[in-house]
Amino acid sequence: GEQGEKYEVVLRMLSDDGELILPGQFLPIAEQTGQITAIDRWVIQTAFQDYARLFAGAKAKIAINLSGNSLSDETLLDFVQQQFSVQAMPPERVCFEITETKAVHNLGWAREFTREMRVLGSSVALDDFGSGMCSFRYLKDLPVNFIKIDGSFVRDMLEDESNYTLVSAINQVGQAMGIETIAEYVHSPEIIESLRELGVDYAQGYALGMPEP
């Protein structure tokens, strides 16, 4: 469409023998050792650098995840603004994703970061929404563009009536507040159809696209 396609930046490591290492294996260690903030900055810098080459004029939008550690790093805002300028990256092509639980624990900073990104023209998504179920009341105070419905509800929503109800309820709250909704872990055409019937705005998962270099 006119808005272009949307992609999420996913991170992988290569071992010395060329084996692919998934983020669940290395990100928790990076968080414990404090290296995660440097990784976040490398991802932002690299994604901005590679954007023009990868998308060659297409109006694609990329989503970049921020760790909880970066949500308490007050210098990150300056770094992001600097990278937009240095890499000549259009801010409107970027969506930053912050998880619900981390945003709630760093609400003041999350609010400031979200507002500043929206002023620049970037968007912000609240990731894994519903995992804490306490954040409905924070939505009024956190001006995000998107909420991503936690994949643990979505993946078996057709078999589990309570999860179907949660997906529906989260979507209704988002729509009522003018926040677009994204369903995660969508692995079948049947789930896509059900989400369409509920009025969920976007879907993400293996039924739509597999991770690729």
Qualifying side chain to side chain donor-acceptor pair (under 3.5 Å) pairs, either residue in residues 11-26, two or more places apart: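 For residues 11-26: Ser15-Asp17.
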
Would you please name every residue forming a salt bridge (Lys or Arg N to Asp or Glu O under 4.0 Å) with Arg111, sequence neighbours left out?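 If we apply the salt bridge (Lys or Arg N to Asp or Glu O under 4.0 Å) test to Arg111, skipping adjacent residues, the hits are Asp141.
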
Taking only residues two or more places apart in sequence, or in another chain, which ones meet Glu180 in a salt bridge (Lys or Arg N to Asp or Glu O under 4.0 Å)?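 In terms of salt bridge (Lys or Arg N to Asp or Glu O under 4.0 Å), with neighbours along the sequence ignored, Glu180 is linked to no residue.
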
Does [X] have any side-chain contact (heavy atoms from CB on, under 4.5 Å) partners at least two apart in sequence or in another chain, and if so, which?
X      : answer
Ala110 : Ile98, Ala103, Leu142
Arg41  : Asp73, Thr75, Leu76, Phe79
Val173 : Phe136, Leu139, Met177
Ala169 : none

Under 3.5 Å, is there a donor-acceptor pair between the Gln82 and Asp78 side chains?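 No.
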
Summary of ring pair (Phe, Tyr, Trp, His ring centres under 6.0 Å) pairs that have at least one residue in residues 178-197, sequence neighbours excluded: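 Those involving residues 178-197 do not exist here.
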
Ring pair (Phe, Tyr, Trp, His ring centres under 6.0 Å) contacts touching residues 4-25 (sequence neighbours left out):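 Found Tyr7-Phe55.
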
Using links of under 4.5 Å between side-chain heavy atoms of ILVMFWY residues, direct or through other members, which residues join Leu14 in one cluster?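 Members alongside Leu14: Leu20.
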
Starting from Tyr206 and following side-chain heavy-atom contacts under 4.5 Å between hydrophobic residues (I, L, V, M, F, W, Y), which residues can be reached?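 In the cluster with Tyr206 are Met210.
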
Listed by chain and number, what are the ring-ring contact (aromatic ring centres under 6.0 Å, His included) partners of Phe96, not counting sequence neighbours?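 For Phe96, the residues satisfying ring-ring contact (aromatic ring centres under 6.0 Å, His included) (neighbours in sequence not counted) are Phe113.
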
Tell me which one of Glu92, Glu97, Lys61 satisfies side chain to side chain donor-acceptor pair (under 3.5 Å) with Ser123.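 Of all the options given, the one that passes is Lys61.
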
